[in-house]
Amino acid sequence: MKIWLNTLLLLVFTVVSAPAANAASDNASCLTCHGAMQGTVEKEKGVLVNLHIDQAKFEKSVHGGFVACVDCHLTFGPNPHQAPSANVAKAVKDMANAISAKSKVDAVAQAACLNCHPDMYKEYASSIHGRNVIKKRSGDGPVCTSCHGSAHYIQPKTNRESMVNHFSVVSTCGNCHEEKSISEKYGFSPLVMERYLESFHGRKVKLGHPGAPVCSNCHGAHDVKGQKDAASPVAGANKKKTCGTAACHPGATDKFIAAITHKPLHPIAHYSEIALILLTLGVFIFIVVHVFLDIYADVRDRLFRKGNKHE
Amino acid sequence: MNKHIPAEIERFDLSARIQHVIMFTTFLLLSFTGWGLKYAYADPSSAWITIWGGAKTAGIIHRTAGIIMLLDFLYHQFYLLNLWRKKDLRLTVVPMPKDVVDFFQNVAYYVGLSKKKANFGKFSYMQKFDYWAVYWGMFIIGTSGLFLAFPVMASYVFPTWSISWAWDVLFIMHSDEALLAIVFILFFHFYNEHLRSDVFPMNYMWLTGKMPIEELKHKHPAEYEYLYGDKGKK
C-alpha cells in the first residue's frame, strides 16, 4: 500500500517537475521530490530506502550549500529517468564493492566520501575497523556514516548534535561495543562500556568535563587499532605515553596505567565492595533504629513521665 | 564542704570550635561536590554539578576542601598533643567497657525495661561514636582520596602485585565510605544535635562551647559527679 502510494506520488512529482529536472542537476531538482516524499521503499528484500530528505536540516549540515546530491550519489545522472549508470571512478567502485555486504542502499554513495576526504579514508582503511570492512568484507565494522550519521545531516564535531562530539561519541562507539555478540566475536571485554562509564573518566564526561577523555582520546578515531596491534596507542609501552601526556597524567608509571583496563572488577575489589556496602548498611540500620528508639523514649517521657525530667 | 559550682561549663575551647567549623564546612563542600560524581548518571546530577561551576570547578573545590579537611584533622592531633603537654588531656572520649554498659542501660531505658537513665560520663557512647567516626573517615576516605587526587604519585606507593585491584578498591573505599559518612551525619549527628526535641533547632554549643550546669547534671551525671560531687578530687 505504502509503496503503491509512494510510486504514485513519485509519478505525479516527476510529471510536474520533469522539465526542470531535465534542465538542471542542482539539488533543488532532487529535493523537489525527495523533500516532500515520506516513507520508505523496499529496494530488494529486507532493504528499505528512506526517500525523505529534510531539506532544512540538510542545508544546515556541513555538506549543505555546496555538496550536490550527485556528488555522492554518483550512479545517478542529472536525468532521473535515466537508469543508474556504473560510470564511477575505480577507487570508489572498489570501496563500494567492499562495503556492499554492509551498505545495500547506495554503496557507491557511502563509498564516495573518499573522493573529498582521502586522508581520512587512508587512516580508516588501515584501522581495525577499515580492515574488517574493506579486506574481510565483514558486515560488522563501521563505515563513515555508522559513526558520523547520514551524510545529509552531518554536524561539525563541536556541535553537541554531532554523533562524534566529545559528549556523544561514547554512546556512538557503544552502539557496537556494547553488543555482546561483537565483543565475543572479536575477543574484547564485554564490560568495556560499563567499566568506562563507571570510571572517573566516564563520570566526568557525563557531568560535562571538557578535559576528561572519551574513547577516541586514548584509542584514536579513524586510525583505531586492535588491542593486540603494537601500533595501538594503548598497547604495551604506548599506553604509558598515551596516559602520560602533559594535559593528562604526566609521569605516568607502569603501575599507574593499570588503573584503567575496562576489564571486569578483580575479585578482591568485588568482595571489598560487598564488605563495605554491608558495613554501610549495618551502621545505617543501627543508627536509624537508635534514632527511632530515642524519639520514642523522648515522646514517651514528655507525655507520660513529665515529673522525672531531672531524675 | 561545698565547692563553688558555676552556672555553665566550657566543654569545647575556641580552637576546638574552630576545628569543628572547618571540619563541617569542608565536609559539606565535599559531600555536595562528591555526590554529583558518585551519582553522575542520576538525572539531577549534571544540573547539580553545573551549580558548582561545572565538573572541572567542582573537582577543584572537592580537592581543595579535602586537603583543608585533612590539615584540620592533622591540626587536631597537634592540639591533642599540646593538651597532653599541658597535662590538660583527659581521656574522656576514649571508648571504655563502661560504654557497653551505658549502651545496654540506655536501650533498656528506651524500650521501658529500666526507669534509670544511663550514667553518662563527659561523653556518651553516641558522642564517642561521632568523634571516632571522623578518624575512620579520615583513615579510609582521606587516604584513598589523597591517593586518587595524586594517582601518579600514589602509583609509586603501591606494590606491583596489588595494582590489578588497588585502584578499584581505592575508588570503592572513597565512594562507599563517603556515603556512610553522609548517612551517618544526616541521620545520627543531625538528629542528636539539631532535631532532638531538647536541642532543636540546634545545640548552640558549637558556637558557645558552653553547657549549662543543669544540662550537664542531667545529661552527663557521671561527669557532674566527677567535677562537683562529694567524692570529686578537684
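In this text the structure is predicted, and so the values were computed from the model without any measurement. Chain letters run A, B, ... following the sequence lines, proteins first and then strands; every chain starts at 1.
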Counting only heavy atoms not in [X], do more than 12 sit closer than 6.0 Å to its [atom1] atom?
X: B:Lys98; atom1: NZ; value: yes
X: B:Met138; atom1: CE; value: yes
X: B:Tyr135; atom1: OH; value: yes
X: B:Lys38; atom1: NZ; value: yes
X: B:Phe104; atom1: CZ; value: no

Under 4.5 Å from a heavy atom of chain A, the part of [X] involved:
X: B:Pro159; answer: backbone
X: B:Leu195; answer: neither
X: B:Phe103; answer: side chain
X: B:Tyr156; answer: both

Distance from [X] atom [atom1] to [Y] atom [atom2], nearest 0.5 Å?
X: B:Ser46; Y: A:Phe167; atom1: OG; atom2: CZ; result: 9.5 Å
X: B:Thr160; Y: A:Asp254; atom1: OG1; atom2: CG; result: 9.0 Å
X: B:Ser164; Y: A:Lys263; atom1: OG; atom2: NZ; result: 9.5 Å

What are the two closest non-hydrogen atoms of [X] and [Y], and how far apart are they?
X: A:Lys255; Y: B:Ser155; value: CE-O, 3.1 Å
X: A:Gly208; Y: B:Ala55; value: C-CB, 4.2 Å
X: A:Phe256; Y: B:Pro151; value: CE1-CB, 3.3 Å
X: B:Gly36; Y: A:Leu207; value: O-CD1, 3.6 Å
X: A:Arg203; Y: B:Tyr39; value: NH1-N, 4.4 Å
X: A:Ala269; Y: B:Asp168; value: CB-CB, 3.8 Å

* Mind ranking B:Thr50, B:Ile140, B:Asn106, B:Asp176 by heavy-atom pairs under 4.5 Å with chain A and telling me who comes out on top? =>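 Option with the top pair count is B:Asp176.
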* B:Met153 and A:Thr253: CA distance, side-chain angles, deciding distance, side chain to side chain contact (heavy atoms under 4.5 Å, CB included) verdict -> CA-CA 9 Å; B:Met153 275 194 256; A:Thr253 64; over 6 Å; no
* Whether B:Trp165 and A:His266 hold their rings parallel, tilted or perpendicular, with breakpoints at 30° and 60° ->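 B:Trp165 and A:His266: tilted rings.
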* Run the ring pair (Phe, Tyr, Trp, His ring centres under 6.0 Å) check on A:His290 and B:Phe187 step by step: do they pass? -> CA-CA 10 Å; A:His290 198 282; B:Phe187 284 84; over 10 Å; no
* **Atom group of A:Ile295 that falls short of 4.5 Å from chain B, counting heavy atoms** =>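 Both parts, backbone and side chain.
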* Cation-pi between A:Arg300 and B:Tyr109: NZ/CZ under 6.0 Å from ring centre and within 45° of the ring axis? -> yes
* Asked: What residue, out of A:Val205, A:Leu265, A:Val291, A:Asp294, has the most heavy-atom pairs lying under 4.5 Å from chain B?
  -> A:Asp294
* Structure fact -> Pair count under 4.5 Å, heavy atoms only, with chain B: among A:Pro250, A:Gly244, A:Ala297, highest is A:Ala297
* Derivation of the side chain to side chain contact (heavy atoms under 4.5 Å, CB included) call for A:His209 and B:Ile49 -> CA-CA 10 Å; A:His209 197 301; B:Ile49 287 298; over 6 Å; no
* Asked: In residues 270-288 of chain A, which residues are in contact with chain B at a heavy-atom separation under 4.5 Å?
  -> A:Ser272, A:Glu273, A:Leu276, A:Ile277, A:Leu279, A:Thr280, A:Val283, A:Phe284, A:Phe286, A:Ile287, A:Val288
